[in-house]
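Written below as structure tokens is the structure these notes are about.
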Amino acid sequence: MLTGKQQASRLSLEVVREQIVSCDRCPRLRDYCAQVAREKRRAFRDDVYWGKPVPGFGDRRARVLLVGLAPAAHGANRTGRVFTGDGGGGSGDFLMSALHRAGFANIPTSQHLRDGLKLRDAFIAAAVRCAPPANKPTPEEIANCLPHLEAEMAALPRVRVVVALGKIGFDACLRLLKRRGIVVHPRPQFRHAEARQLPNGQTLVGCYHPSRQNTNTGKLTPNMMASVFRKAKEEINP
């Protein structure tokens with residue numbers, strides 16, 4: 001019998017996507033996403049919400065993997081694509097603008113599924129695949145979602161740099177390494193733009209999450225985010 005790790009390593013990105021979308025491990029999150037999809041926000045009352053777990057998105061040959069927190073209730077939970085549709089100037093546009101300047105995205109915005117957005121050498125995933133109430137998943141829900149991140153990473157064998165967007169994404173990456181038997185000592189601390197070489201040959205880079213709370217207050221500026229992707233490019237193109 002194959003172990004979970006061996007099974008994950010043999011799954012294609014398409015199969016991983018199907019498993020994520022059909023996941024029902026967290027009843028609280030599934031109920032909340034379904035409720036949001038029914039009630040909707042006034043601005044999106046004519047939209048058909050996705051309302052399901054959200055898989056990753058990007059280049060299957062990516063060397064840079066971004067790990068965010070979770071879908072936004074009226075963003076990815078509505079559109080079905082990570083960091084997409086949370087409004088002009090939202091986290092999706094802020095992130096995509098930085099990726100575009102660094103050459104990882106073909107356009108600087110992320111508004112809807114038909115906007116033509118394509119990522120080059122980058123893939124975006126999340127620690128949690130369902131929108132959580134108040135944007136706060138429980139530790140158990142984060143643990144339930146970890147196998148999805150593990151499976152996506154296994155289906156992206158070229159990844160050399162992991163950019164953790166926020167502390168929850170950062171901690172999820174470290175937990176996944178531990179799950180794989182990779183010991184990182186001393187344990188890295190989450191700090192913006194700080195890179196850590198890992199025993200598996202990858203580089204883990206911390207980055208403040210591009211939430212409105214961070215970008216509107218100046219905790220995270222465009223130049224600060226640009227510095228993270230400059231580091232990523234240096235690592236993959238030494």
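Everything numeric in this text was worked out from a predicted model, so none of it was measured.
Residue E14 places its CD atom among more than 12 non-hydrogen atoms of other residues, nucleotides or ligands, all under 6.0 Å distant. For R61, the CZ atom counts as loosely surrounded, since its 6.0 Å shell holds 12 or fewer non-hydrogen atoms of other residues, nucleotides or ligands. Around CG of D24, the count of heavy atoms belonging to other residues, nucleotides or ligands within 6.0 Å does not exceed 12.
Atoms CG and CZ, on N214 and F94 in that order, are 9.0 Å from each other to the nearest 0.5 Å. To the nearest 0.5 angstrom, L69 atom CG is 4.5 Å from I168 atom CD1. Here the straight-line distance linking atom NZ of K52 with atom CZ of R129 works out to 15.5 Å at 0.5 Å rounding. Between M225 atom CE and N223 atom CG the span is 12.0 Å, to the nearest 0.5 Å. Note that the CE atom of M96 and the CD1 atom of I107 stand 8.5 Å from one another [nearest 0.5 Å]. Here the OG1 atom belonging to T79 is positioned 10.5 Å from the NE2 atom belonging to H112, to the nearest 0.5 angstrom.
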(request) Before giving the answer on side-chain contact (heavy atoms from CB on, under 4.5 Å), spell out for L99 and L66 the whole-Å C-alpha distance, their side-chain angles and the decisive distance to 0.1 Å. (result) CA-CA 11 Å; L99 288 173; L66 286 70; 4.2 Å; yes

(request) Take L156 and L13 through the test side-chain contact (heavy atoms from CB on, under 4.5 Å) and record every step on the way to the result. (result) CA-CA 8 Å; L156 297 165; L13 209 51; 4.2 Å; yes

(request) Start with the C-alpha gap between E150 and R179, add the side-chain angles, then the distance that decides, and say whether side-chain contact (heavy atoms from CB on, under 4.5 Å) holds. (result) CA-CA 9 Å; E150 180 177 29; R179 178 183 168 104; 2.7 Å; yes

(request) Check step by step if side-chain contact (heavy atoms from CB on, under 4.5 Å) holds for R196 and V184. (result) CA-CA 10 Å; R196 177 69 178 270; V184 185; 3.8 Å; yes

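Looking at D121 and R63, a side-chain N of the basic residue comes within less than 4.0 Å of a carboxylate O on the acidic one, giving a salt bridge. Under the 4.0 Å criterion applied to side-chain N and carboxylate O atoms, E140 and R25 are not assigned as salt-bridge partners. Ion pair D171/K167 flagged as a salt bridge, since at least one NZ, NE, NH1 or NH2 atom sits closer than 4.0 Å to an Asp/Glu carboxylate oxygen. A salt bridge does not link E141 with K136: every distance from a Lys NZ or Arg NE/NH1/NH2 to an Asp or Glu carboxylate oxygen is 4.0 Å or more. Ionic pairing of D47 and K40 is not present here: no N-O contact between side-chain nitrogen and carboxylate oxygen is shorter than 4.0 angstrom. Salt bridge status for D115 with R81: present, with a side-chain N to carboxylate O gap under 4.0 Å.
Y49 pairs in a side chain to side chain donor-acceptor pair (under 3.5 Å) with only one of the listed residues (R38, H74, R78), which is H74. Under the side chain to side chain contact (heavy atoms under 4.5 Å, CB included) test applied with I124, the options L65, L95, T84, V64 reduce to a single match, L95. Considering Q197, E234, K231 in turn, Q197 is the only one that fulfils the side chain to side chain donor-acceptor pair (under 3.5 Å) rule with T203.
Side chain of N77 to main chain of V36: no donor-acceptor pair is present (N/O by atom type, distance under 3.5 Å, no hydrogens or angles). In this structure, K233 contributes its side chain and A102 its backbone to a donor-acceptor pair below 3.5 Å. Counting only distance, with no hydrogens or angles, the side chain of S227 and the backbone of M224 share a donor-acceptor pair below 3.5 Å. One N or O on the side chain of R30 and one on the backbone of G51 form a donor-acceptor pair closer than 3.5 Å.
Grouping the Ile, Leu, Val, Met, Phe, Trp and Tyr side chains by contacts below 4.5 angstrom, directly or via other members, places L165 with V54. With hydrophobic clusters built from ILVMFWY side chains whose heavy atoms lie under 4.5 angstrom apart, F83 shares a cluster with V161. Tracing side-chain contacts under 4.5 Å through hydrophobic residues (I, L, V, M, F, W, Y), one never reaches L29 starting from L149; they form parts of separate clusters. If you chain together hydrophobic residues whose side chains sit under 4.5 Å apart, W50 and F44 never meet in one group. Taking hydrophobic clusters as Ile, Leu, Val, Met, Phe, Trp and Tyr residues chained together by side-chain heavy-atom distances below 4.5 Å, V21 does not share a cluster with L11.
Contact between A105 and H100 at its shortest, heavy atoms only, is O-CD2, 3.1 Å. The two residues P53 and P55 make their nearest non-hydrogen contact at O-CD, 3.6 Å. Of all heavy-atom pairs between A127 and A172, the closest is CB-CB, 3.9 Å. Taking all atoms of both residues into account, the shortest heavy-atom contact from C26 to N144 is SG-ND2, 3.2 Å. Nearest heavy-atom pair, A143 versus R175, reported as atom, atom and distance to 0.1 Å: CB-NH2, 3.4 Å. The nearest pair of heavy atoms linking E152 to A125 is OE1-CB, 3.2 Å.
When side chains are defined from C-beta on, R180 counts as touching M153, because their heavy atoms get closer than 4.5 Å. You'll find the side chain of F123 stays beyond 4.5 Å of the side chain of V67, heavy atoms only. L204 has its side chain within reach of L174: a pair of non-hydrogen atoms, C-beta onward, lies under 4.5 Å apart. Counting heavy atoms from C-beta on, the side chains of C130 and Y32 never come closer than 4.5 Å. Within the 4.5 Å cutoff, no side-chain heavy atoms of I142 are placed close to those of T138. Under the 4.5 Å side-chain criterion, counting only non-hydrogen atoms from C-beta, P210 is in contact with L220. With contacts defined as side-chain heavy-atom distances shorter than 4.5 Å, the pair T109/S97 does not qualify. For the pair L117 and N106, the minimum side-chain heavy-atom distance is below 4.5 Å.
Using the six-membered ring where Trp is involved, H192 and Y208 have ring planes that are parallel, under 30° apart on the 30 and 60° scheme.
Separation of the H209 and F190 ring centroids does not fall under the 6.0 Å cut-off.
R120 forms no cation-pi arrangement with F104, by the criterion of a distance under 6.0 Å to the ring centre and an angle within 45° of the ring axis.
Side-chain contact, S91 with D86: a donor N or O sits under 3.5 Å from an acceptor N or O.
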